[in-house]
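Shown next, in structure tokens, is the structure this report addresses.
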Amino acid sequence: MDRIIFHIDVNNAFLSWTAVDRLKHGETLDLRTIPSVIGGDEATRNGIVIAKSTPAKKLGIVTPETLYSARRKCPGLVVVRPTHEVYKKYSNDLYEYLCNFTPNIERFSIDECFLDMTGTKNLFGDPIELAYKIKEEVKDKFGFTVNIGIANNKLCAKMASDFEKPDKVHTLFDNEIKEKMWLLPIEELFMVGKKSSAILRNININTIGDLANADQAIQERYFKNSGSLLITRANGIDDSEVEEYVAKNQSISNEITSAYDLTNKNEIIKLFLQLSNQVGTRLRKEGFHARVVTIILKNSSFQTYSHQQKLVNPIDTNEEIYKIAKDLLEKGWKNDPIRLVGIRLSNFSVENYKQMSLFDEVKPISNENIQKAMDNLKEKYGSNIIINASLLEKKEGK
DNA sequence: TCTGGGGTCCTAGGACCC
DNA sequence: TCTGGGGTCCTAGGACCC
């Protein structure tokens with residue numbers, strides 16, 4: 001039996017959610033009706049557009065571009081800072097509502113879900129009518145709009161929800177692929193980004209249909225193993241399942257862009273202290289231990305490079321993460337001016353015992369207990385309750 | 001006042017072992 | 001003195017997504 005997959009995508013999610021939240025708290029102006037964007041803070045060099053209203057889009061504002069350039073296109077542009085707690089709340093509300101329709105649901109990102117609706121016709125009736133009903137109910141209940149794509153697999157459902165926006169239902173069933181998908185420019189295909197599309201255009205493959213009918217040998221010459229995968233996708237073929245469980249993270253990372261380029265090692269190390277606390281807290285919350293620690297550096301020319309270390313014994317304390325990050329900086333930093341620093345943890349294990357290495361110094365057991373006690377305090381009273389002494393800025397001249 | 005942050009997956013190349 | 005190949009693990013970098 002053919003599968004029936006829904007892909008539900010919130011229209012301009014971050015901006016819509018912010019608008020709805022403000023209206024709920026007494027604001028009368030709806031951000032969705034004026035040129036507005038969600039954007040960072042230029043003073044700290046986070047000045048890019050991360051979401052935009054439809055009127056802003058009509059003025060040619062794209063994601064992600066600099067706020068500077070966006071303001072040139074629209075001098076009166078309203079810029080609102082991101083508020084992730086708000087996004088999380090509305091994302092959860094939507095997810096809980098969608099769970100009413102199937103247990104077979106996958107959260108694909110903060111604003112997208114896949115629903116496997118195969119065989120639900122007896123329960124809910126015609127899938128297309130159901131999609132319209134869901135779309136309207138979401139609007140009534142929560143105040144924001146969604147697009148719903150319906151297809152026989154996840155890839156096509158996702159492509160369909162991307163067709164015309166906002167507040168629309170589209171189908172892209174197997175027998176509609178030629179007519180609805182093959183005419184689209186190659187850039188529209190999922191997983192074809194800037195680099196791939198440039199190569200494809202260069203060999204005169206301009207539409208998804210061109211790629212669907214392309215020579216496999218030529219594709220493999222340019223894209224190696226992913227060449228045949230590209231052709232498969234262009235043909236709308238995708239066997240992947242809707243994964244109802246929440247997939248565990250493969251990595252946990254945090255990054256900070258500095259307000260100015262860092263040339264002093266101690267300044268970089270200071271950020272490592274903050275980052276170690278962040279990733280360490282998240283790691284322990286998952287109950288993980290990490291076997292690989294990676295530092296990420298981006299220099300003033302926007303080149304990113306990294307160094308990593310694989311450990312014999314998985315770790316989970318801030319101190320251990322911090323210490324390794326410092327070592328990696330010693331080995332890896334090219335002494336160039338640094339714009340962004342990050343720490344990534346990966347290769348997780350859930351074992352809560354430590355494999356004793358012959359050469360490991362015997363550590364006092366209490367260290368981990370202290371860490372857990374600190375996490376609990378932070379959870380209860382906020383993350384500012386405990387900060388490392390070196391993060392406290394010394395006031396000039398005092 | 002120029003360019004975020006959090007992820008996943010893939011690949012090339014080197015080290016090392018048999 | 002010169003000549004291998006295969007397999008695995010690890011590291012660094014890059015493409016892509018939201």
Side-chain angles (χ1 to χ4, degrees), chain A residues 7 9-15 17 37-52 62-72 77 79 81-82 84 87-88 91 107-113 154-155 158-159 161-162 187-200 220 222-230 233 240 243 246-261 275 278-279 282 291-312 328 331-332 334 339-348:
Chain A
H7 179 253
D9 192 331
V10 179
N11 300 129
N12 307 335
F14 288 3
L15 190 115
W17 287 336
V37 298
I38 304 294
D41 183 359
E42 286 153 305
T44 55
R45 304 202 294 184
N46 292 323
I48 61 150
V49 172
I50 50 182
K52 59 201 178 297
V62 293
T63 318
E65 75 176 332
T66 59
L67 290 176
Y68 176 79
S69 137
R71 282 210 184 84
R72 279 206 314 207
L77 187 70
V79 180
R81 300 267 173 273
H84 287 279
Y87 309 153
K88 212 180 261 176
S91 173
R107 273 179 115 153
F108 190 63
S109 74
I110 193 161
D111 67 334
E112 292 170 76
C113 287
K154 285 165 74 178
L155 172 70
K158 185 162 168 58
M159 293 294 298
S161 70
D162 217 28
E187 290 77 15
E188 306 274 312
L189 184 62
F190 182 65
M191 291 303 286
V192 173
K194 258 195 170 132
K195 300 278 176 179
S196 307
S197 67
I199 295 169
L200 290 165
E220 280 169 5
Y222 286 97
F223 296 100
K224 301 282 155 64
N225 285 339
S226 48
S228 56
L229 191 60
L230 279 175
R233 287 210 190 94
S240 67
E243 308 273 7
V246 181
K248 283 289 181 190
N249 276 9
Q250 302 297 309
S251 67
I252 290 175
S253 67
N254 281 96
E255 300 171 347
I256 300 172
T257 295
S258 170
Y260 55 91
D261 291 336
L275 289 165
Q278 286 176 10
V279 292
R282 292 173 61 197
R291 272 248 289 180
V292 175
V293 178
T294 306
I295 63 163
I296 299 138
L297 300 172
K298 188 194 277 185
N299 66 23
S300 52
S301 314
F302 276 78
Q303 287 164 323
T304 303
Y305 58 96
S306 62
H307 272 266
Q308 67 183 60
Q309 191 180 337
K310 183 153 194 174
L311 310 163
V312 180
L328 286 167
K331 288 177 203 151
K334 298 170 182 168
R339 175 191 176 85
L340 169 146
V341 301
I343 297 182
R344 177 164 59 230
L345 307 176
S346 56
N347 220 315
F348 299 133

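Residue numbers start from 1 in every chain, and the chains themselves are labelled A, B, ... in the order their sequence lines are given, proteins ahead of strands. These figures come from a predicted structure and were not determined experimentally.
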Practice task
Starting from the C-alpha separation in whole Å, work towards a yes-or-no answer on salt bridge (Lys or Arg N to Asp or Glu O under 4.0 Å) for D261(A) and R45(A).
Solution key: CA-CA 10 Å; D261(A) 291 336; R45(A) 304 202 294 184; 2.8 Å; yes
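- Dashed line: the shortest gap from a side-chain N or O of K88(A) to OP1 or OP2 of dG6(B) is not under 4.0 Å.
- Figure legend. dC18(B) is base-paired to dG5(C); pairs are counted as Watson-Crick or G-U wobble with both atom distances under 3.5 Å.
- Residues L189(A) and R233(A) come closest through the heavy atom pair CD1-O, 3.9 Å.
- For dC10(B), the OP1/OP2 oxygens have no side-chain nitrogen or oxygen of N225(A) closer than 4.0 Å.
- The distance between atom CD1 of I296(A) and atom P of dT8(B), rounded to the nearest whole Å, is 12 Å.
- Regarding contacts with the backbone of dG5(B), every side-chain N or O of N254(A) stays at 4.0 angstrom or more from both OP1 and OP2.
- Residue-to-nucleotide proximity on DNA chain C shows that, of R291(A) and R344(A), the 5′-proximal contact is made by R291(A).
- With rounding to whole Å, K310(A) atom NZ is found 18 Å from dA15(B) atom P.
- Summarising the geometry, the separation between CZ on R71(A) and C1' on dC2(B) is reported as 12 Å, rounded to the nearest angstrom.
- For the pair E255(A) CD and dG6(B) P, the interatomic distance rounds to 6 Å; values are reported in whole Å.
- Among the protein residues, V292(A) comes within range of no part of the nucleic acid, since none of its heavy atoms lies under 4.0 Å from any strand.
- Residue contacts shown for K158(A) are limited to sugar-phosphate atoms, with no base heavy atom under 4.0 Å away.
- Rounded to whole angstrom, the span from the NZ atom of K195(A) across to the P atom of dC16(C) amounts to 8 Å.
- OP1 or OP2 of dC16(C) sits under 4.0 Å from a side-chain N or O of S196(A).
- An OP1 or OP2 oxygen of dT3(B) is reached within less than 4.0 angstrom by no side-chain nitrogen or oxygen of K298(A).
- For the OP1/OP2 pair of dC2(B) and a distance below 4.0 Å, the side-chain nitrogens and oxygens of R72(A) include no atom meeting the criterion.
- Here G193(A) lies in heavy-atom contact (under 4.0 Å) with sugar-phosphate atoms only.
- Taking every side-chain heavy atom of N46(A) into account, dG5(B) is the closest of dG5(B), dC16(C), dT3(B).
- As a whole-Å value, the separation of K334(A) NZ from dA12(C) P is 10 Å.
- Backbone-only engagement by Y305(A) is indicated by non-hydrogen atom pairs under 4.0 Å involving sugar-phosphate atoms exclusively.
- The 5' end of DNA chain B is approached more closely, in terms of each residue's nearest nucleotide, by E42(A) than by the other of E42(A) and T257(A).
- At dT8(B), none of the side-chain N or O atoms of Q250(A) fall inside 4.0 Å of OP1 or OP2 (strictly under the cut-off).
- Looking at F108(A) and K158(A), their side chains come closer than 4.5 Å, going by heavy atoms from C-beta outward.
- Taking every side-chain heavy atom of K224(A) into account, dT11(B) is the closest of dT11(B), dC18(C), dT3(B).
- In this model, the phosphate group of dA12(C) is approached by a side-chain N or O of H307(A) to a distance below 4.0 Å at OP1 or OP2.
- Partner of N347(A) under the side chain to side chain contact (heavy atoms under 4.5 Å, CB included) criterion, chosen from V293(A), T294(A), V292(A): V292(A).
- Across dC18(C), dG5(B), dT11(C), the shortest atom-to-atom separation from the side chain of L340(A) is found for dG5(B).
- Atom CD in E112(A) sits about 19 Å away from atom P in dG6(B), given to the nearest Å.
- When the P atom is used for both dT3(B) and dC17(C), the distance is 23 Å, rounded to whole Å.
- Considering CH2 of W17(A) and CG of N12(A), their distance stands at 11.0 Å, rounded to 0.5 Å.
- Side-chain contact of R344(A) with S306(A): a donor-acceptor pair under 3.5 Å is absent, judged by distance alone.
- Of the listed nucleotides (dT11(C), dT3(B), dC18(C)), dC18(C) has the atom at the smallest distance from the side chain of D111(A).
- Of the two residues near DNA chain B, I252(A) and I50(A), the one whose nearest nucleotide lies more 5' is I50(A).
- Nucleotide dG14(C) holds its C1' atom 14 Å from the CZ atom of F223(A), rounded to whole Å.
- Residue S251(A) places at least one side-chain N or O under 4.0 Å from the OP1 or OP2 atom of dT8(B).
- Residues I296(A) and V341(A) fail the side-chain proximity criterion, which asks for heavy atoms closer than 4.5 Å.
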